[in-house]
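Report on one structure; see the data block that follows.
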Amino acid sequence: MRFFSTSFFRGLIAQIAGTVLGMGLVMALRVILGLPLSSAVEAEDAHIREIIVVGGVLVGAIAFLIGAGVFTDWFKWARGEETSDDHTPDPSKPNWMRYFSVDFDHKVIGVQYGVTSLLLLLFGGTFAMLFRIELSGSGITFLNSEIFKVLLGYDGPHLYNTLMSLHGIVMIAGILLGVGAMSNYLVPMLIGANDMAFPRLNAFAFWINVPGAAILLSSLFFGGFDTGWVGYPPLSLRAPLGMQMFLIGVYLVGLSSIAGSINVIVTTLTMRAKGMSLFRMPIFCWAALATALLQFSATQLIGLSFQLVMLERLMGMSFFDSLQGGDPVLYQHLFWFYSHPAVYVFILPGLGVISELLPVFGRKPLYGYRWVALSSFGIAVVSFFVWAHHMFVSGMSPFLRIPFMYSTLLVAVPTGVKFFSWAATVWQGKTIFKTPMLFALGAVVIFLLGGVTGPPLATIATDLHLHDTWFVVGHFHDTMFGGFIFPFVAAIFYWFPKMTGRMYNEKQGKIQFWLMFIGFMLMSNLQLVLGLLGMRRRVVDFDAALGFDTMQLFVTIGGFMVFFGMLLFAYNIIRSWTKGEVAEGNVWDSRSPEWQKPNPMPLHNYEQPFEVVGEPYDYGLPNSQYVNMNPAGSSPSAH
């Protein structure tokens, strides 16, 4: 019964009530203004319903935050009442309730981000498995099943388009939350801080994702949408009501991204331990800082573009509909100005994890630390000048294609710095092949495939041939799995003892790695081949005479291997969290400060501030020391 008193449950109830209240308010306002609540014309009636539902959904999202208690301290402050920064949990409540409630401890928020991320990735993966079953052979069979018509009210090609679109955007939302998980959990611990700079803003940034994710997933039951995750107009202007759920859900997740980035930037720049200069920070913090700067400076553009589509649908404004004088290419500029840098929002933290883990398990210093650190910023800066390579076939000026082609290819330079560093770091090292290291090495291989398949899409001549084929799908999956999914899994395994005080199951971890690695290579390499042979993406069927059936079947088998690998991962972490072997001390023999503390990490991280006295990755060098955990004259820090 205690679950019903958590912020999560109270928020959901408030969201439902708020949605109904919001719809009622919109209807009342229309009555006051003399506007109709329905129409005999089907299109006008659908438009009126959309206005009412959207109004209700927006009020419902705010109601969730109020009901969950996200604004409670802010309301107290507005009333002039005292609030406390003490993170000590209520001893009368079980510890698990903290993870379902509003909490200001960055470690709890990091776990909340991580679990929500994995749930969204599971949803996104399930959508993919559904349409992969359909694509395993020619002809439309599975998605024409009557059960989909009964459950959702639609089936066939429209259902395929909805599942494909939801798979893309839900996976991206899950990845964004995974980025939030790593930044929130790791950055304060790695720099010697006891929490984020703005704990309440941190809580807000997480909890707004919950109604955002619920609204996004609800699009499946509001008629779906068939635009892909890009939401291009004019198609998005004519898609069913589910399109609005997509726009609102992604908007809320984007708002979370901006709020979270402010916290990471301020925390990293102002709360580092004594002696920790920027070039003595753990390398992950450089990646997290570059990511936060990207999120803070680019996310507004996708929010703006989605807002304009919403307004055009609701109020008939003409921003993107060419029949009304709008320009659909303008949307593409706004969308990709965020969405290409967003790719680096996804992968920079993953590359930071790889650089963090290789020296630990290779027992060697990180080669070229300063260059690796600066390369994260190099990638972030160059990423702002590459967006238009997604638009080579959009009808943009041919003269503009050239500079965007070269700027896109330029990204290979800072990215190459990281590859050289990784190769030199593990070269002739005494590598320990534990599960986190296997996933880090697998990520390097897969991301390399993503790297070498990128230039054909950045070069005008080959992009015109490969655009909108499964080659793009294969390249994107290589980049996401190598840049985020594998490093994210590696990070969870690596810091699992620090989070829970228990060890994961090593045997299950290694089985999961080989299942996912082999399955992914099978899936993505055949996607690339299918694309080279001309298989178009975003189509539910293909001609059997093309001879793609066997390859499509193996792509589906590979996809299911990855899916089952993630299910095994979920089983491993859930079981190990409750019944795993107790993890004592510095289980990886790491130099990083968090591993000098007991497992799990104490409530306020570092009761006594430490001092940085050396370089972070001098593994194998005699008498080297990174942190002095008991510097002279230090005293317990205030909370």
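These numbers were taken from a predicted model, which means no experiment stands behind them.
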Problem - Side-chain (Ser421) to main-chain (Val417) donor-acceptor, under 3.5 angstrom - result: no

Handout entry: Spacing of CH2 belonging to Trp495 relative to OG belonging to Ser590, to within rounding of 0.5 Å
Key = 8.0 Å

Exercise for the section: Establish, yes or no, whether a centroid distance under 6.0 Å links the rings of Phe100 and Phe9. Expected result: no

Handout entry: Sidechain-backbone polar pair: Arg591 side chain, Pro616 backbone, donor-acceptor under 3.5 Å
Key = yes

Problem - Tyr367 and Trp422 aromatic centres sub-6.0 Å - result: no

Exercise for the section: Find the distance between OH (Tyr113) and CG (Asn184) and round it off to the nearest 0.5 Å. Expected result: 5.5 Å

Completion exercise
With sequence neighbours left out, the residues meeting side chain to side chain contact (heavy atoms under 4.5 Å, CB included) with Pro600 are none

Practice task
Could you tell me if the ring centre of Tyr99 sits under 6.0 Å from that of Trp96?
Solution key: no

Problem - Salt-bridge present (Lys498, Glu594; N to O < 4.0 Å) - result: no

Handout entry: Given Thr291, Thr479, Ile379, the one that forms side-chain contact (heavy atoms from CB on, under 4.5 Å) with Tyr344
Key = Ile379

Handout entry: Full working for side-chain contact (heavy atoms from CB on, under 4.5 Å) between Leu118 and Phe569
Key = CA-CA 10 Å; Leu118 291 173; Phe569 178 50; 4.0 Å; yes

Problem - Side-chain heavy-atom pair Tyr369, Glu615 within 4.5 angstrom cut-off - result: no

Which side-chain N or O atoms in residues 431-446 pair as donor and acceptor under 3.5 Å with protein atoms at least two apart or in another chain?
from	atom 1	to	atom 2	distance (Å)
Thr435	OG1	Glu506	OE2	2.8

Handout entry: Plane angle bin for Phe476 and Trp229 - parallel if under 30°, tilted between 30 and 60°, otherwise perpendicular
Key = parallel

Problem - Near-ring test Phe420/Trp371, centroid separation under 6.0 angstrom - result: no

Practice task
Sequence neighbours left out, what passes salt bridge (Lys or Arg N to Asp or Glu O under 4.0 Å) with Asp478? Give chain and number order.
Solution key: none

Handout entry: Any Ser355 side-chain heavy atom under 4.5 Å of Phe284 side chain
Key = no

Practice task
Could you tell me whether a side-chain N or O of Ser624 sits under 3.5 Å from a main-chain N or O of Leu621, the two making a donor and an acceptor?
Solution key: yes

Fill in the blank from the handout: Separation between CD (Glu611) and CG (Asn628), nearest 0.5 Å, reads 6.5 Å

Handout entry: Listed partners of Phe517 passing ring pair (Phe, Tyr, Trp, His ring centres under 6.0 Å), at least two apart
Key = Phe513

Problem - Validation row, ring centre Phe481 to ring centre Phe447 under 6.0 Å - result: no

Practice task
Check the surroundings of atom CD in Gln625: do more than 12 heavy atoms from other residues, nucleotides or ligands lie under 6.0 Å from it?
Solution key: yes

Problem - Close side-chain approach of Pro282 to Glu356, heavy-atom, < 4.5 Å - result: yes

Handout entry: Flag, side chain of Thr267 to backbone of Val264, donor-acceptor distance under 3.5 Å
Key = no

Practice task
May I ask you to decide if Asp618's main-chain N or O and Tyr626's side chain share a donor-acceptor pair within less than 3.5 Å?
Solution key: no

Exercise for the section: Check for a donor-acceptor pair, side chain of Gln112 on one end and backbone N or O of Ser101 on the other, with a separation under 3.5 Å. Expected result: yes

Completion exercise
dist Thr556:OG1 -> Met523:CE (nearest 0.5 Å) comes out at 10.0 Å

Practice task
Mind checking salt bridge (Lys or Arg N to Asp or Glu O under 4.0 Å) for Lys107 and listing every partner two or more places apart, or none if nothing turns up?
Solution key: Asp105

Handout entry: pair Asn572-Phe493: side-chain heavy atoms closer than 4.5 Å
Key = yes

Exercise for the section: Tell me, please, which residues at least two apart from Val627 pass side chain to side chain contact (heavy atoms under 4.5 Å, CB included). Expected result: Pro593, Gln596, Phe610, Val612, Met629

Exercise for the section: Give a yes or no answer on whether the side chain of Asn605 reaches the backbone of Ala193 with a donor-acceptor pair at less than 3.5 Å. Expected result: yes

Problem - Aromatic Phe279 / basic Arg370 pairing, under 6.0 angstrom, 45° off normal - result: yes

Exercise for the section: Assign the ring pair His477 / His167 to parallel, tilted or perpendicular, where the plane angle (0 to 90°) is split at 30° and 60°. Expected result: parallel

Handout entry: Exam field: side chain Ser256 to backbone Asn209, donor-acceptor pair closer than 3.5 Å
Key = no

Exercise for the section: Compare all side-chain heavy atoms of Tyr617 with those of Val360 and state whether any distance is below 4.5 angstrom. Expected result: no

Exercise for the section: Compare all side-chain heavy atoms of Arg98 with those of Asp90 and state whether any distance is below 4.5 angstrom. Expected result: no

Handout entry: Whether Arg10 side chain and Ser5 backbone form a donor-acceptor pair below 3.5 Å
Key = yes

Problem - Stacked cation flag Arg200 on Phe104, 6.0 angstrom / 45 deg - result: yes

Fill in the blank from the handout: Here the gap from Thr500 atom OG1 to Asn599 atom CG, rounded to the nearest 0.5 Å, amounts to 8.0 Å

Problem - Ser7 (side chain) donor-acceptor with Val102 (main chain) under 3.5 angstrom - result: yes

Handout entry: Crowding at CH2, Trp74 (>12 non-hydrogen neighbours, <6.0 Å)
Key = yes

Handout entry: Aromatic plane relationship, Trp595 with Tyr494 - under 30° parallel, 30 to 60° tilted, over 60° perpendicular
Key = perpendicular

Practice task
Please report the closest heavy-atom contact between Leu122 and Thr126, naming both atoms and the distance.
Solution key: O-OG1, 2.7 Å

Practice task
Inspect the surroundings of CZ in Phe71 and state if more than 12 heavy atoms from other residues, nucleotides or ligands are less than 6.0 Å away.
Solution key: yes

Exercise for the section: For the residue pair Val253 and Leu216, establish whether any side-chain heavy-atom pair is separated by less than 4.5 Å. Expected result: no

Exercise for the section: Start with the C-alpha gap between Leu567 and Phe564, add the side-chain angles, then the distance that decides, and say whether side-chain contact (heavy atoms from CB on, under 4.5 Å) holds. Expected result: CA-CA 5 Å; Leu567 291 181; Phe564 289 136; 3.9 Å; yes

Problem - Side chains of Ile485 and Leu121 in contact at under 4.5 Å (non-hydrogen atoms) - result: yes

Handout entry: Distance, nearest 0.5 Å, that separates CE of Met516 from CD1 of Ile511
Key = 14.0 Å

